[in-house]
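As structure tokens, the structure follows; a few thoughts come after it.
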Amino acid sequence: MSNIVSLQSITKRGEAQPQASGCSTKSSCGSSAGQGEMPEHVWNKIKDHPCYSEEAHHYFARMHVAVAPACNIQCNYCNRKYDCSNESRPGVTSERMTPEQAALKVVAVANKVPQLSVLGIAGPGDSMFDWRKTFETFRQVEKRLPDLKFCVSTNGLALPDHIDALADHNIDHVTVTINMVDPEIGTLIYPWIYHNGKRYTGLDASKILHERQMESLEALASKNILVKVNSVMIPGVNDQHLLEVNAAIKARGAFLHNVMPLISDAAHGTHFGLTGQRGPSAAELKDLQDKLAGGANLMRHCRQCRADAVGMLGEDLSQDFTMDKIDAEVEYDPEARRLYREVVERERADRQAAVAVAEDTLAATAAPARLVAVATKGGGRVNQHFGHASEFQVYEVDHDGVRFVGHRKVDNYCQGGWGDDDVLEDNLVPTLAGIEAVFVSKIGSCPKKDLAAAGITAIDAYPFEYIETAIARWYAEINGQADVALGSIA
Ligand code: CLF
Ligand code: SF4
């Protein structure tokens, strides 16, 4: 079983052993600056939810249980696959399970992953079309772990029929995938839907889906259930249209808007993959997200999880918790999660103070914005070795502060103890395009030199410091403020 990252290992100075294995800071949706002006009751709902709060995703984990295989629509970007352990994208799962099995699995994960705060049901089909299994799973889990947050993700077609049941089960996080508010555009994304016992195609299908999605948003808002809208950005199909989607969902009370890039590959067997529809580049996605600033709050830290994802958002422990590895007699032990939460509360307060100091210092600079990447295992710190990173978190820094703007997945440079130059040249350098500096806890002299040759500066001078503090120090230094006094390692 993988070595689950503990907060102690995150905060400890010195490199830990390798593992086996969003929101803008200017918005009010749970930024790295914390609660801000957010009402207390909303903050309490999101502060430990890794998807609804960018800050929380440094500390807390989610898990999905794949109990809902049936779906009532066809999306051109979806092909639900089973027994697929090497792909990380929505709809993919290694195994389907019953609600009883799911409850056992949740207990097993909670005992091993103290960061766990949310149980989500995101398919592999549609959680609200397959509502019996979804609600039965929540009923079973609630009896064993009453403090876990529950969350569902749905296409919205069946959702209006289950609003009261969601409220009755205390489910206060619902994600609806909305890719259009113009049914003409919907015809390019949805070939058919199945509604009230009948199959619809073309414009009729898209109109019904659109009306049901809008009805859902209004009904959820009336029950004070927090709604996140996921939209898949499909270049040439709905990319610019997502500005209208953002306005429409904001008007109907959505709390967050998560624009995700289309994942398209012929090998996935999806309609878009087979017809050559491309996904957006990292730059195109960021450009659209920047245009959306000022509308509904944006989530930028989504990792497009599998239907059986387990762990912190940037990691996947799903293969450590397949049913064959779970003891049928497992009992829940709450102690590890309780202790972890105590440590997080202390750590959070410390980090927020450090971020405030960093922001004050940056306010005095007047240099252009820069994009940097950070290797982190969690805790909001620069705490991962360059060679062990399978993703980098991307931040933008200027006089307004340090803002999380996304992530880039990469292949591991370190392969069994050796650096792989081909991975560096063919994967890491192209993936880090546009990034000026990479913050790591440690890096060898060879990759450092090779990155420099590609125009990327590797920074290993701030191991285990808070991300914002490390970036602010570097930025102040390159802009001639070498004597800044920023918060240091806690
Ligand atoms: Fe799962 Fe979705 Fe709940 Fe999160 S995921 S049901 S809100 S607990 Fe999160 Fe995964 Fe992105 Fe979804 S990173 S795909 S946004
Ligand atoms: Fe696939 Fe979800 Fe679309 Fe259904 S709603 S076809 S499960 S992406």
Side-chain angles (χ1 to χ4, degrees), residues 22-23 29-30 45-46 48-54 56-57 60-82 88-93 106 116-130 134 138 148-159 171-179 186 189-194 205 209 212-213 225-232 234 255-263 268-272 298-316 318 391 406-407:
C23 312
C29 58
K45 282 183 184 173
I46 69 151
D48 298 341
H49 194 307
C51 303
Y52 280 68
S53 159
E54 190 271 314
H57 104 288
F60 290 102
R62 53 72 185 104
M63 72 176 288
H64 291 164
V65 284
V67 293
C71 188
N72 48 356
I73 72 174
Q74 180 61 56
C75 304
N76 279 335
Y77 47 78
C78 178
N79 177 21
R80 296 191 292 291
K81 280 191 181 179
Y82 304 105
S88 189
R89 62 190 170 84
V92 169
T93 181
V106 174
L116 183 69
S117 64
V118 177
L119 169 65
I121 297 183
D126 187 76
S127 65
M128 289 295 98
F129 181 56
D130 223 343
T134 296
F138 288 135
L148 209 56
K149 283 189 190 308
F150 293 153
C151 192
V152 296
S153 175
T154 170
N155 61 47
L157 181 59
L159 186 51
I171 296 166
D172 45 26
H173 298 84
V174 173
T175 295
V176 189
T177 300
I178 299 179
N179 297 316
I189 303 170
Y190 307 105
W192 55 260
I193 68 165
Y194 182 76
L209 180 61
R212 298 278 289 179
Q213 289 175 335
I225 296 174
L226 286 185
V227 179
K228 173 165 70 60
V229 169
N230 283 359
S231 298
V232 181
I234 311 164
F255 178 72
L256 265 184
H257 192 193
N258 171 29
V259 176
M260 312 183 295
L262 172 71
I263 299 173
H268 297 159
T270 62
H271 173 80
F272 280 149
L298 284 187
M299 173 188 188
R300 294 179 188 241
H301 60 283
C302 175
R303 302 303 199 277
Q304 293 176 279
C305 316
R306 297 163 54 96
D308 59 1
V310 175
M312 306 288 280
L313 294 195
E315 71 180 352
D316 183 12
S318 58
E391 71 163 40
H407 71 283

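Worth saying up front: this structure is predicted, and the values here are computed from it rather than measured. Every number for a ligand or one of its atoms is a count from 1 in the order of the listing.
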Under 4.0 Å from a heavy atom of [X]: give me the atoms of ligand 2 that qualify, with their elements.
{"X": "Pro124", "answer": "7 (S)"}
{"X": "Gly125", "answer": "7 (S)"}
{"X": "Asn155", "answer": "5 (S)"}
{"X": "Tyr77", "answer": "8 (S)"}
{"X": "Cys71", "answer": "4 (Fe), 5 (S), 6 (S), 7 (S)"}

A student checking ligand 1 against Val118 at a 4.0 Å heavy-atom cut-off should list atoms 8 (S)

A student checking ligand 1 against Arg303 at a 4.0 Å heavy-atom cut-off should list atoms 11 (Fe), 13 (S)

* Test item: side-chain donor near acceptor, Lys228 and Thr175, under 3.5 Å -> yes

| Cut-off 3.5 Å, side chains only: do Asp126 and Thr154 have a donor facing an acceptor? | yes

Closest to atom 3 (Fe) of ligand 2 (heavy atoms only, candidates Ala122, Cys75, Ala70) is Cys75

Note to self: Looking at ligand 1, would Met299 count as a contact under a 4.0 Å heavy-atom criterion?
What the structure shows: yes

Atom 1 (Fe) of ligand 1 -> His64, closest N, O or S atom is NE2

Closest non-hydrogen contact found for Pro50 with Phe60 is CB-O, 3.3 Å

Lys45 and Lys149 have their tightest heavy-atom pair at O-CE, 3.2 Å

Hey, does Val174 have a side-chain heavy atom less than 4.5 Å from the side chain of Leu159? yes

On the 0 to 90° scale, with breaks at 30° and 60°, tag the Phe129-Tyr194 ring pair as parallel, tilted or perpendicular.
perpendicular

Honestly, for Ile73 the part within reach of ligand 2 (heavy atoms, under 4.0 Å) is both

* Could you confirm whether Cys302 has any N/O/S atom lying under 2.8 Å from atom 11 (Fe) of ligand 1? => yes

Any heavy atom of His173 under 4.0 Å from ligand 1? The part involved is neither

Going by the 4.0 angstrom heavy-atom rule, the piece of Met260 near ligand 1 is neither

